[in-house]
Visitor: 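One structure, as structure tokens, below. Some questions next.
For reference, positions follow the sequence shown, starting with 1.
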Amino acid sequence: MVLQYDGSFEGFLSLVYEVFYKKYKPSKILRSEPKTLILDEIKYIKTDEKNALKVVRAIEKKFDKQSYEKIINTFMCDTKEFEIELLAFVIYGFKNKDELFNINNSSVFYIDNLQKELFRHVHKMTGFTRFEELEDGTLYAKIDTKFNVVYFLGKHFFKRLNNQKYIIHDINRKVAFIKNDYFLGVKEVLDFEEPKVSDDEQMFQNLWNTFFKAVSIDERKNEKCQKNYVPLLYRKYMTEFV
């Protein structure tokens, strides 16, 4: 059997509820209509907020904080097909929470490694995120990332830019972490117009690019080595590579 849900966290929790109580044994879990022919039966699981809430409360009661956070963090890895492994992880937790620390369990091992990959990506983005000063003094950064890390970046920079208004905007996912006088957290960004940077920002960008070019030595240019330190994935909105 193949199960399909809407790709949301609430939708996945609704799926967990259906699987647990109706004893489904899915071979695959889809977020959207398959683009290729699948011979197995496809059952669509509709998002049910009441059932999702029941699952959340059960997880909060049964699971330790670390394992609960692993479930949420796994969902941030939205470019991976993690659903089967995450479903197994949750089911194991309901049956025996001690099993969630057994790395010999393939699902537990997969979730642990995926979380490590997520936080490696977050760590790199804390160094590769570039802010621009807008006309009103707000710091604005555009990102295009492998995983949904906007919350983690917002939390990281909150400790370092506590008195500064800033926005970290994930262009592809249409979400942004916003910190200003009235709001702190993640919001959807459905409409977007390119903001105007301040005059000082343009000057400093020019100075930084001039410095970046001045310190480089053409005879020692090694693009392969440079890509190892700063992969192309991270360069799209970096001032020195634009």
Visitor: When rounded to the nearest 0.5 angstrom, what is the spacing between CD1 in Ile91 and CG in Leu86?
Guide: 10.0 Å
Visitor: So which atom in Asp48 and which in Lys50 form the shortest heavy-atom distance, rounded to 0.1 Å?
Guide: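 That would be OD1-N, 3.0 Å.
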Visitor: Could you verify whether a donor N or O on one side chain and an acceptor N or O on the other, from Tyr5 and Glu83, lie under 3.5 Å apart?
Guide: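 Tyr5 vs Glu83: donor-acceptor pair found between side chains.
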Visitor: Could you state whether Tyr24 and Phe20 fall into the same hydrophobic cluster, counting links through intermediate Ile, Leu, Val, Met, Phe, Trp or Tyr residues with side-chain heavy atoms under 4.5 angstrom apart?
Guide: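 Cluster IDs for Tyr24 and Phe20 match.
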Visitor: Within the 3.5 Å criterion, strictly below it, is a donor on Gln205 or Glu132 matched to an acceptor on the partner's side chain?
Guide: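 There is such a pair between these side chains.
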Visitor: Would you say the side chain of Lys179 lies within less than 4.5 Å of the side chain of Leu161, judging by non-hydrogen atoms?
Guide: no
Visitor: Give, for atom CG of Asn51 and atom OH of Tyr21, the distance between the pair rounded to the nearest 0.5 Å.
Guide: 9.0 Å
Visitor: Decide yes or no on side chain to side chain donor-acceptor pair (under 3.5 Å) for Asn96 and Glu99, but give the supporting numbers first.
Guide: CA-CA 6 Å; Asn96 178 13; Glu99 187 68 18; 4.7 Å; no
Visitor: Centres of the Phe241 and Phe212 rings: under 6.0 Å?
Guide: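 Centroid separation for Phe241 and Phe212: below 6.0 Å.
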Visitor: Can you find a side-chain donor-acceptor pair between Asn209 and Glu240 that sits under 3.5 Å?
Guide: no
Visitor: Given the ring of Tyr234, does Lys236 sit roughly above its face, with NZ or CZ under 6.0 Å from the centre of the six-membered ring and within 45° of the axis?
Guide: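 Not flagged: Lys236 not positioned over aromatic ring of Tyr234.
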Visitor: Out of curiosity, Ile143 CD1 to Asp170 CG, how far, rounded to the nearest 0.5 Å?
Guide: 4.5 Å
Visitor: Within the side chain of Ser67, is there an N or O that forms a donor-acceptor pair under 3.5 Å with the backbone of Asp64?
Guide: no
Visitor: Look up atom CG in Asn73 and atom CD1 in Ile111, then write down how far apart they are to the nearest 0.5 Å.
Guide: 10.5 Å
Visitor: Side chains of Arg235 and Phe128: does their closest heavy-atom pair fall under 4.5 Å?
Guide: no
Visitor: Specify the closest pair of heavy atoms between Ile84 and Ile29, including all atoms of both residues, with the distance to one decimal.
Guide: CD1-CG1, 3.7 Å
Visitor: Would you say that Ile167 contacts Thr138 through its side chain, given a criterion of any heavy-atom pair below 4.5 Å between the two side chains?
Guide: yes
Visitor: Verify, without hydrogens or angle tests, whether Arg130 (side chain) and Ala141 (backbone) share a donor-acceptor contact under 3.5 angstrom.
Guide: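 No: the side chain of Arg130 does not pair with the backbone of Ala141.
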Visitor: Spell out, as yes or no, whether a donor-acceptor pair under 3.5 Å connects the side chain of Thr145 to the backbone of Asn148.
Guide: no
Visitor: Would you say Phe192 ends up clustered with Tyr166 if hydrophobic residues are merged whenever their side chains have heavy atoms under 4.5 Å apart, either directly or through other cluster members?
Guide: no
Visitor: Spell out, as yes or no, whether a donor-acceptor pair under 3.5 Å connects the side chain of Thr129 to the backbone of Thr126.
Guide: no
Visitor: Heavy atoms, side chains only, cut-off 4.5 Å: are Lys80 and Thr74 in contact?
Guide: no
Visitor: Below 4.5 Å, heavy atoms only, C-beta onward: do Lys187 and Val175 meet side chain to side chain?
Guide: no
Visitor: So, do His169 and Phe177 have ring centers that fall under 6.0 Å from each other?
Guide: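 No - the distance between ring centres of His169 and Phe177 does not fall below the 6.0 Å cut-off.
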Visitor: Could you point out which residue of Phe9, Phe147, Tyr151 forms a ring-ring contact (aromatic ring centres under 6.0 Å, His included) with Phe75?
Guide: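 Among the candidates, only Phe9 passes.
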Visitor: Measuring from atom CG of Leu87 to atom OH of Tyr92, what distance do you get when rounded to the nearest 0.5 angstrom?
Guide: 10.0 Å
Visitor: Classify the side-chain pair Asp200/Ser198 by whether it contains a donor and acceptor separated by less than 3.5 Å.
Guide: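 Side chains of Asp200 and Ser198: no pair found under 3.5 Å.
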Visitor: If we ignore hydrogens and angles and just use 3.5 Å, is the side chain of Asn206 paired with the main-chain N or O of Gln202 as donor and acceptor?
Guide: yes
Visitor: Do side-chain atoms of Ser27 reach the backbone of Met1 as a donor and acceptor pair under 3.5 angstrom?
Guide: yes
Visitor: Taking the side chain as every heavy atom from C-beta outward, state whether Ile59 and Ile71 have any pair of such atoms under 4.5 Å apart.
Guide: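 They are in contact (side-chain heavy atoms under 4.5 Å apart), so the answer is yes.
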Visitor: So that I know where these two stand, are Phe94 and Phe63 an aromatic pair - ring centroids less than 6.0 Å apart?
Guide: yes
Visitor: On a heavy-atom basis, which atom in Lys142 and which in Glu194 lie closest, and how many Å separate them?
Guide: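 Reported closest heavy-atom pair: NZ-OE2, 2.8 Å.
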Visitor: Establish, yes or no, whether a centroid distance under 6.0 Å links the rings of Phe119 and Phe152.
Guide: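 Yes, the ring of Phe119 comes within the 6.0 Å limit of the ring of Phe152, centre to centre.
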Visitor: Working to the nearest 0.5 Å, report the span between OG of Ser14 and NZ of Lys46.
Guide: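 If I round to the nearest 0.5 Å, the distance is 10.5 Å.
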Visitor: Short question: side chain of Thr79, backbone of Lys146 - any donor-acceptor pair under 3.5 Å?
Guide: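 It does hold such a pair.
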Visitor: Do the side chains of Val122 and Met238 join up, straight or via other hydrophobic residues, at under 4.5 Å, putting them in one cluster?
Guide: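 As far as the 4.5 Å side-chain criterion goes, Met238 and Val122 are connected within one cluster.
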Visitor: Atom CD of residue position Glu188 - does it have more than 12 heavy atoms of other residues, nucleotides or ligands inside 6.0 Å?
Guide: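 Result for CD/Glu188: open.
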Visitor: Counting N and O atoms only, with roles assigned by atom type, does the side chain of Glu201 sit under 3.5 Å from a partner on the main chain of Glu135, one being a donor and the other an acceptor?
Guide: no
Visitor: Using a distance-only test with no angle check, is there a side-chain donor-acceptor pair under 3.5 angstrom linking Glu10 and Thr47?
Guide: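 Result is no, nothing qualifies.
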Visitor: Taking the side chain as every heavy atom from C-beta outward, state whether Pro26 and Val2 have any pair of such atoms under 4.5 Å apart.
Guide: no
Visitor: Check whether any side-chain heavy atom of Val19 sits under 4.5 Å from a side-chain heavy atom of Val16, and report yes or no.
Guide: no
Visitor: Under 6.0 Å from the six-membered ring centre of Phe82 and within 45° of its axis: does the NZ or CZ of Arg31 meet both?
Guide: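 Yes - Arg31 lies over the ring of Phe82, closer than 6.0 Å to its centre and within 45° of its axis.
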Visitor: Is Lys97 positioned over the aromatic face of Phe101, cation under 6.0 angstrom from the ring centre and no more than 45 degrees off axis?
Guide: no
Visitor: Identify whether Leu139 and Val197 are in the same connected component of the hydrophobic contact network (ILVMFWY, side-chain heavy atoms under 4.5 Å).
Guide: no
Visitor: Flag yes if Ile42 and Phe12 sit in one hydrophobic cluster, no otherwise; membership is Ile, Leu, Val, Met, Phe, Trp, Tyr, and two members link when side-chain heavy atoms are under 4.5 Å apart.
Guide: no
Visitor: Name the one of Tyr140, Phe157, Tyr237, Phe204 that satisfies ring-ring contact (aromatic ring centres under 6.0 Å, His included) with Phe131?
Guide: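 That would be Phe157.
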